[in-house]
Amino acid sequence: MKIAIAADHGGFEYKNEIIKHLSRYEVKDFGTFSEESCDYPEFAKKVALEVASGNYDRGILICGTGIGMSICANKVKGIRAALCSDKFSAKATREHNDSNILCMGARVIDLPLAIEITDIWLSTPFSNEERHIRRIGMIE
Ligand code: RB5
């Protein structure tokens, strides 16, 4: 599985730790590359376009709240970005929404939980149930 990841300054540290944790995956870091203040829409767009085009299977976006990243990523056609702050949602959004981008807020959840959420989200398959396929089709 190929994963595109990015963060703004608010999520910079979590991004770096999550990349270290995901060493068994093919992960490409799309920035930001320092703690200097930057604009989250730029990074959300980069990852969303990479996932929507099929260059990457999944995306992970981290900012202070995860909200800005999710708003931006969901503007790209074909993206189903899920803002998760708990493990139940991470599993459910894969099973029900087949979400292709995970957003998290580094000022909302602690790093161990962010890593747990990431692991659950990456390892949970889509349910493939008819009702969920139908609803996803309705989004498009
Ligand atoms: C940056 O200060 C902050 O606004 C950003 O990280 C994010 O929380 C936006 O939604």
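Both ligands and their constituent atoms are indexed starting at 1 by order of listing.
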Q) Mind checking whether His9 has a heavy atom under 4.0 Å from ligand 1? A) yes
Q) Looking only at non-hydrogen atoms, which of Ser70, Cys103, Gly68, Ala44 approaches atom 10 (O) of ligand 1 most closely? A) Gly68
**Q.** Close-contact set for ligand 1 against Asp8 heavy atoms, below 4.0 Å
**A.** 1 (C), 5 (C), 6 (O)
Q: Rounded to the nearest 0.5 Å, what's the gap from CG on Leu83 to CD1 on Ile101? Could you check?
A: 12.5 Å
Q) Heavy-atom contacts under 4.0 Å between Met69 and ligand 1: side chain, backbone, both, or neither? A) neither
(Q) Given Asp119, which partner from the list Thr124, Leu22, Ile18 fulfils the side-chain contact (heavy atoms from CB on, under 4.5 Å) test? (A) Leu22
Q: For Thr65, counting its heavy atoms only, list the atoms of ligand 1 lying under 4.0 Å from any of them.
A: 7 (C), 8 (O), 9 (C), 10 (O)
Q: Considering the heavy atoms of Arg107, write down every atom of ligand 1 situated less than 4.0 Å from one of them.
A: 1 (C), 2 (O), 3 (C)
**Q.** Contacting atoms of ligand 1, where contact means under 4.0 angstrom from a heavy atom of Gly64
**A.** 5 (C), 6 (O), 7 (C), 8 (O)
Q) Are the aromatic ring centres of Phe30 and Tyr56 under 6.0 angstrom apart? A) yes
Q: Evaluate the criterion salt bridge (charged side-chain N to carboxylate O under 4.0 Å, His left out) for residue pair Glu140 and Arg80; output intermediate values, then yes/no.
A: CA-CA 10 Å; Glu140 298 300 325; Arg80 294 178 300 280; 3.7 Å; yes
Q. Among protein heavy atoms, which sits nearest to atom 7 (C) of ligand 1, and what does the distance come to when rounded to 0.1 Å?
A. Cys63 SG, 3.4 Å
Q: Inspect the surroundings of NZ in Lys91 and state if more than 12 heavy atoms from other residues, nucleotides or ligands are less than 6.0 Å away.
A: no
